[in-house]
Number of protein chains: 2
Amino acid sequence: MPNKSYHHGDLKAELIRTGLKLLDQEGYEAFSLRKVAKACNVSQTAPYRHFKNKDELIIAIAMEAMGAFNECLQKAVDQHPDNPKKQLTEMGIAYIHFFVENPEYLRLLFLSDMRYKMNEYFCAHPEYFQNDHPFQTFFQTIERYKAAVPSSNQSLGKAELMLFSWGLVHGISILIANKEIPLEGDYLSMVRKIVESEKFLD
Amino acid sequence: MPNKSYHHGDLKAELIRTGLKLLDQEGYEAFSLRKVAKACNVSQTAPYRHFKNKDELIIAIAMEAMGAFNECLQKAVDQHPDNPKKQLTEMGIAYIHFFVENPEYLRLLFLSDMRYKMNEYFCAHPEYFQNDHPFQTFFQTIERYKAAVPSSNQSLGKAELMLFSWGLVHGISILIANKEIPLEGDYLSMVRKIVESEKFLD
DNA sequence: TTTTAATGTTAACACTGTCAACTTCAATAT
DNA sequence: ATATTGAAGTTGACAGTGTTAACATTAAAA
């Protein structure tokens with residue numbers, strides 16, 4: 001039953017929710033403020049009462065997506081509380097799995113122009129960055145691993161290991177999600193082989 | 001000296017050249033057909049005599065960029081004709097270096113919506129894909145390496161090694177170029193350490 | 001020399017983000 | 001209880017976008 005009152009009640013939340021759905025359905029480039037407004041049965045300019053401009057709405061949507069992504073990583077980590085190495089590999093696999101199954105999230109979070117604007121936003125709001133940002137989850141997992149297996153990859157410091165493992169799963173996610181690389185068969189088993197490859201861990 | 005005649009002479013080439021410059025200067029989202037036309041001293045709709053639509057111009061521009069990128073990879077490979085392993089590592093480093101120094105190329109070639117349209121284009125024009133596409137350069141280098149060092153990474157097949165090494169340099173390029181990861185110091189020496197890390201080659 | 005097709009132009013359309021000005025209405029202050 | 005105010009909605013307008021249709025120019029082919 002549509003709320004026919006002049007005031008909507010919770011437009012801000014519905015804009016984010018509807019926006020995420022539209023972004024998922026129609027892609028980043030086709031995304032338009034007016035469409036979101038229309039989908040919420042509200043005038044073109046109503047969103048401006050809740051967001052300074054289009055970018056800020058997209059950033060809010062991206063925050064939602066970032067949270068979901070981070071939860072996914074954290075869950076993988078939490079399933080192996082006493083095994084830092086397995087935490088790292090399972091988190092890596094979860095990373096790839098999440099983005100291959102949700103390619104639109106990948107574009108929103110990392111592959112669109114929004115990425116640059118979000119970086120600015122994070123600089124302006126460091127408190128967010130320090131809490132449940134995937135970067136932190138990744139970094140902490142690396143630190144636990146390095147602490148638990150001090151002999152590991154002696155030639156690579158913490159920063160290099162971070163760049164190595166993050167870069168690896170990030171790149172693989174994109175290559176698969178964007179169909180950059182022709183793959184036959186089950187990508188997940190390939191990914192597991194790679195990520196667990198003893199050649200790069202331990 | 002501006003060519004004042006009604007017909008331009010070589011508008012198509014100038015559109016691509018000017019377009020690449022604008023893309024580089026103002027970024028992908030700010031890029032507009034009308035601006036390119038204006039920059040070429042030509043009416044808004046003149047480009048439509050040479051390209052079916054905006055996408056086709058961008059694809060043409062991306063082809064140029066793709067060629068430059070592939071040349072860069074090929075050059076790195078050619079500098080070590082008798083050392084397949086060094087070919088692979090140096091190509092990887094060149095890969096990262098190219099995109100970190102030309103982040104707008106990275107966006108154009110891999111991070112924008114254009115990526116998807118280009119994939120469709122490649123499917124329609126497989127002859128291009130088979131020649132000087134970076135994918136081929138990468139794949140051939142992997143194959144030479146695998147042939148030269150058959151014992152390498154026994155647990156990983158050619159497809160997995162491809163996904164591993166390409167994913168690694170691709171991901172690292174993006175993390176650095178997009179400033180996703182805070183880096184202090186010289187990124188190139190870090191990259192060299194990682195890519196040459198004996199843990200993942202041999 | 002005539003024809004024609006390639007290459008240019010102008011005018012218009014629908015769509016976009018955004019602003020200014022106006023309206024409604026719930027909550028607060030008197 | 002009533003007046004006021006400010007948050008949240010509206011309409012209308014503007015400049016910029018991609019794109020199409022109709023027309024103009026001119027180099028090359030017939």
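In what follows, chains carry the letters A, B, and so on, assigned in the order in which the sequence lines appear, proteins first and then strands, with residues in each chain numbered from 1.
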Contacts of Arg192(A) that satisfy side chain to side chain donor-acceptor pair (under 3.5 Å) - sequence neighbours left out: Glu90(A), Glu196(A)

Atom-pair distance (CG on Asp10(B); C1' on dT7(C)), nearest Å: 13 Å

Parallel, tilted or perpendicular: rings of Tyr187(A) and His97(A) (30°, 60°): parallel

Between P of dA6(C) and NZ of Lys12(B), the distance in whole Å: 13 Å

Whole-Å distance separating the CG atom of Leu33(B) from the P atom of dT16(C): 18 Å

Ring pair (Phe, Tyr, Trp, His ring centres under 6.0 Å) evaluation trace for Phe99(B) with Tyr105(B): CA-CA 7 Å; Phe99(B) 281 133; Tyr105(B) 281 49; 8.0 Å; no

NZ/Lys12(B): more than 12 non-hydrogen atoms of other groups inside 6.0 Å: no

Distance, rounded to the nearest Å, where Phe31(A) contributes CZ and dT16(C) contributes P: 11 Å

Interatomic distance where CG belongs to Leu15(B) and P belongs to dG18(D) [whole Å]: 13 Å

Heavy-atom donor-acceptor pair, Asn178(A) side chain to Glu180(A) backbone, under 3.5 Å: no

Heavy-atom closest contact (Ile142(B) atom, Ser165(B) atom, distance): CD1-OG, 3.0 Å

Of Leu11(B) and Ser32(A), the one whose closest DNA chain C nucleotide lies more 5': Leu11(B)

Among Leu109(B), Ile59(B), Ile61(B), the one residue meeting side chain to side chain contact (heavy atoms under 4.5 Å, CB included) with Met66(B): Leu109(B)

Presence of donor-acceptor pair under 3.5 Å, side chain of Arg34(B) and base of dG18(D): yes

Neighbours of DNA chain D within residues 42-57 of chain A, by heavy-atom distance under 4.0 Å: Val42(A), Ser43(A), Gln44(A), Thr45(A), Ala46(A), Arg49(A), His50(A)

d(CD1, Ile58(A); C1', dG17(C)) in whole Å: 11 Å

Pair Phe139(B) and Trp166(B), ring centroids less than 6.0 Å apart: no

Centroid-centroid under 6.0 Å between Phe110(B) and His170(B) rings: yes

Nucleic acid contacts - residues 16-29 of chain B versus DNA chain D, non-hydrogen atoms under 4.0 Å: none

